[in-house]
Q: 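This structure is in structure tokens; I'll ask about it shortly.
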Amino acid sequence: LLNIHQPRREVAAHFDTLILLTPNPGRIVYYGAMTDAPSYMASCGHPVPEYGNATDFYMDLVTPGSENDASSELVQAFEKKQLGELRRRTDELAFQKGATSAEMLTSRPGSASRRGCLQMGPGPFATPFRVQLRALMARKVRITFRNPEAIAVGIGLPAGMGVVLGLLFQGIGMKPFGVATVMFVFILLVMLSLQSLPLMPGLIEERLCMKEETSERLYKESAHIAAGFIVTMPISLISALIQSSIIFGFAGFSSSLFLVIVGWTLLVFTAFDAIFQCMAAVASNGDEALMFATPFLVTFMLFNGVVISRESAPIYLRWLFPISPTYWTLQTIITRIAEEEGQPDHFILTMYNFESGHEFHALWIVVVMNIVFRSLQVLALRYCNKIQK
């Protein structure tokens with residue numbers, strides 16, 4: 001059932017049945033098949049113009065005071081030609097027991113499949129999750145690649161920032177291992193962690209559209225998240241990979257450290273991306289999202305073992321180190337660089353209390369953060385910022 005005002009010809013062609021009403025008050029002037037409406041109007045003395053839009057023509061006919069107003073005439077024609085038959089059919093059907101809503105949704109699966117339709121089952125959604133995901137992914141791909149300039153900027157701008165940062169740290173990998181190496185890795189992690197921050201306003205705009213559609217049970221919130229993750233995450237990862245690779249190239253580290261430095265940097269990027277996605281789902285606007293994200297960003301950036309070490313942190317705040325992805329990632333990268341340089345016992349590691357062999361724990365923290373914050377994102381999209389109808 002659809003209530004629509006002056007649809008385009010292409011849209012109207014998909015309608016099966018038309019009920020045409022006059023405004024103020026609403027009086028029926030036609031009830032029947034959409035394809036039969038032109039011949040009916042012609043039989044009433046009002047043929048549809050050959051090159052005109054039939055729906056626009058009908059609206060002109062039923063609008064009192066318009067140039068082609070024939071509302072009263074068409075009301076009388078309806079009472080004379082259609083009303084009697086309509087009442088007879090209504091009386092006839094009133095004594096027939098119809099199917100319940102659930103029976104109508106689950107009945108005639110063979111007929112539905114022959115017509116190329118999906119068989120509906122019980123539940124609030126007409127289609128299964130895989131169909132929802134496929135449709136949302138197709139739409140996301142079309143919307144994303146509709147503006148190739150935006151994709152170019154999204155990749156080109158981080159690449160430019162990578163060149164700038166690479167020039168600042170040019171040749172750092174060829175110099176002796178020391179504090180400058182630690183600062184380089186720290187700044188690299190900060191740059192990649194912040195890359196998804198500017199995307200939060202756009203995520204909130206998408207959420208507004210999503211809330212309208214999910215309120216009508218068109219699809220699940222998790223399908224929206226999965227479609228966005230599958231389509232946009234590869235683009236974001238490519239952008240982050242290009243940026244970190246450019247910086248790595250300028251730094252001049254051994255190629256054997258590429259997977260260590262770039263790989264762990266990308267893992268941290270996914271963790272902070274999950275945080276920003278979650279905050280965008282919770283917040284009502286962009287400013288609020290930034291306010292919610294700032295405590296996580298500042299905390300994990302400060303409690304990384306370099307800016308604030310375990311020894312210098314207050315006792316009641318030391319629990320933040322075990323859950324900080326930047327702490328474990330920075331420790332893993334720095335210890336691997338020291339081992340590559342042949343200095344596994346360098347005083348820098350002792351100064352920052354960095355130890356090797358924690359790769360599994362670092363990976364576990366990043367994976368858990370992704371799972372936790374993306375699960376919270378689903379809950380936030382479902383229960384927060386509900387639209388008012």
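In this text, all values refer to a predicted model and were calculated from it rather than measured experimentally.
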Q: Around Arg374, counting heavy atoms of other residues, nucleotides and ligands shown, do more than 12 lie under 6.0 Å from its CZ?
A: yes

Q: Taking all non-hydrogen atoms of both residues into account, name the closest pair between Thr332 and Ala362 and its distance.
A: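 Where Thr332 meets Ala362 most closely, the heavy atoms are OG1-CB, 3.7 Å.
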
Q: Using the ring pair (Phe, Tyr, Trp, His ring centres under 6.0 Å) criterion, which residues pair with Phe250? Sequence neighbours excluded.
A: none

Q: For the residue pair Ser66 and Asn68, confirm or rule out a side-chain donor-acceptor distance under 3.5 Å.
A: no

Q: Only one of Phe276, Phe272, Phe296 forms a ring pair (Phe, Tyr, Trp, His ring centres under 6.0 Å) with Phe373, so which one is it?
A: Phe296

Q: State, yes or no, whether a side-chain contact exists between Met351 and Ile348 at a heavy-atom distance under 4.5 Å.
A: yes

Q: Going by the rule side chain to side chain contact (heavy atoms under 4.5 Å, CB included), which residues pair with Leu165 if we only count those two or more places apart in sequence or in a different chain?
A: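 Leu165 satisfies side chain to side chain contact (heavy atoms under 4.5 Å, CB included) with Leu168, Phe169, Ile187, Met191, Ile247 only.
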
Q: I'd like to know if Glu92 and Arg89 make a salt bridge, using a cut-off of under 4.0 Å between side-chain N and carboxylate O.
A: no

Q: Should Pro38 and Tyr58 count as side-chain neighbours, where that means a heavy-atom distance under 4.5 Å?
A: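 Touching, per the 4.5 Å side-chain cut-off.
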
Q: Listed by chain and number, what are the ring pair (Phe, Tyr, Trp, His ring centres under 6.0 Å) partners of Phe177, not counting sequence neighbours?
A: His346

Q: I'd like to know whether CD of Glu205 has more than 12 heavy-atom contacts from other residues, nucleotides or ligands below 6.0 angstrom.
A: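 Count not over threshold, so no.
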
Q: Report the residues that fulfil side chain to side chain contact (heavy atoms under 4.5 Å, CB included) with Glu50, sequence neighbours left out, ordered by chain and then residue number.
A: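 Side chain to side chain contact (heavy atoms under 4.5 Å, CB included) list for Glu50, sorted by chain: empty.
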
Q: May I ask you to check whether Phe258 and Phe248 place their ring centres under 6.0 Å from each other?
A: yes

Q: If you draw a 6.0 Å radius around OH in Tyr383, do more than 12 non-hydrogen atoms from other residues or ligands fall strictly inside?
A: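 No - once you tally the heavy atoms of other residues, nucleotides and ligands closer than 6.0 Å, there are 12 at most.
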
Q: Under the ring pair (Phe, Tyr, Trp, His ring centres under 6.0 Å) rule, collect the residues that match up with Phe186, sequence neighbours excluded.
A: none

Q: Using side-chain heavy atoms (C-beta onward) and a distance below 4.5 Å, is Leu237 in contact with Thr270?
A: yes

Q: Would one find more than 12 heavy atoms of other residues, nucleotides or ligands at under 6.0 Å from atom CE of Met34?
A: yes

Q: So for atom CZ, which belongs to Phe292, do other residues, nucleotides or ligands contribute more than 12 heavy atoms lying within a distance under 6.0 Å?
A: yes

Q: Any sub-3.5 Å donor-acceptor pair from Arg318's side-chain atoms to Arg310's backbone N or O?
A: yes

Q: Kindly compute the distance separating OG1 (Thr326) from CG (Leu192), expressed to the nearest 0.5 Å.
A: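 These two atoms lie 13.0 Å from each other.
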
Q: Counting only heavy atoms not in Lys175, do more than 12 sit closer than 6.0 Å to its NZ atom?
A: no

Q: Just so I know, are the side chains of Glu340 and Ser254 near enough to count as touching, which here means a heavy-atom distance under 4.5 Å?
A: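 Yes, their side chains come closer than 4.5 Å.
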
Q: Please round to the nearest 0.5 Å and tell me the distance separating atom NZ of Lys220 and atom CG of Leu133.
A: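 Between Lys220 NZ and Leu133 CG, I get 11.5 Å after rounding to 0.5 Å.
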
Q: Mind checking what makes side-chain hydrogen bond (donor to acceptor under 3.5 Å, both in side chains) contact with Ser196, not counting sequence neighbours?
A: Asp273

Q: Among pairs that include at least one residue of residues 282-303, which meet side chain to side chain donor-acceptor pair (under 3.5 Å), considering only residues two or more places apart or in two chains?
A: Ser284-Glu288

Q: Sequence neighbours excluded, which residues qualify as side chain to side chain contact (heavy atoms under 4.5 Å, CB included) partners of Ala70?
A: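 Ala70 satisfies side chain to side chain contact (heavy atoms under 4.5 Å, CB included) with His46, Leu61, Glu73, Leu74 only.
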
Q: Can you list the residues that meet the ring pair (Phe, Tyr, Trp, His ring centres under 6.0 Å) rule with Phe321, with sequence neighbours excluded?
A: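 Phe321 satisfies ring pair (Phe, Tyr, Trp, His ring centres under 6.0 Å) with Phe303, Tyr327 once adjacent residues are dropped.
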
Q: Check whether any side-chain heavy atom of Val131 lies under 4.5 Å from a side-chain heavy atom of Tyr219, and answer yes or no.
A: no

Q: Treating Thr329 as the side-chain partner and Val268 as the backbone partner, does any N or O pair qualify as donor plus acceptor under 3.5 Å?
A: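 Flag not set: sc Thr329 to bb Val268 has no pair under 3.5 Å.
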
Q: Are Gln277 and Phe229 side-chain neighbours, meaning at least one heavy-atom pair lies under 4.5 Å?
A: no

Q: Filter on side chain to side chain donor-acceptor pair (under 3.5 Å), then keep only pairs touching residues 222-246, sequence neighbours left out; what's left?
A: Gln195-Ser239

Q: Got a sec, which residues hit side chain to side chain contact (heavy atoms under 4.5 Å, CB included) with Val368, two or more places apart in sequence or on another chain?
A: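 Val368: side chain to side chain contact (heavy atoms under 4.5 Å, CB included) contacts with Trp364, Val372.
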
Q: Whether Lys81 engages the ring of Tyr40 as a cation-pi pair (distance to the six-membered ring centre under 6.0 angstrom, angle to the ring normal within 45°) should be assessed.
A: yes

Q: To the nearest 0.5 Å, tell me how far Ile333 CD1 sits from Thr265 OG1.
A: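 Answer for the CD1-OG1 pair, Ile333 versus Thr265, is 4.5 Å.
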
Q: Could you tell me if the ring centre of Phe184 sits under 6.0 Å from that of Phe253?
A: yes

Q: How many angstroms lie between atom CD1 of Ile323 and atom CZ of Phe300, to the nearest 0.5 angstrom?
A: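 Reported value, rounded in 0.5 Å steps: 5.0 Å.
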
Q: Which pairs count as side chain to side chain donor-acceptor pair (under 3.5 Å) when at least one residue sits in residues 139-168, sequence neighbours excluded?
A: Arg139-Glu213, Lys140-Glu206

Q: Taking atom CG of Leu302 and atom CG of Leu297, what is their separation to the nearest 0.5 Å?
A: 9.0 Å

Q: Tell me yes or no: between the side chains of Ser312 and Ser309, is some donor less than 3.5 Å from an acceptor?
A: yes

Q: Kindly indicate whether the side chain of Val185, heavy atoms from C-beta on, has any atom under 4.5 Å from the side chain of Ile337.
A: yes

Q: Does any part of the side chain of Thr63, heavy atoms only, come nearer than 4.5 Å to the side chain of Asp69, both counted from C-beta?
A: no

Q: As an exercise, state the distance from OG1 of Thr214 to CD of Glu221, rounded to the nearest 0.5 Å.
A: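 If I round to the nearest 0.5 Å, the distance is 4.5 Å.
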
Q: Under the side chain to side chain donor-acceptor pair (under 3.5 Å) criterion, do Thr335 and Glu355 qualify, and how do the steps go?
A: CA-CA 7 Å; Thr335 53; Glu355 300 175 351; over 6 Å; no

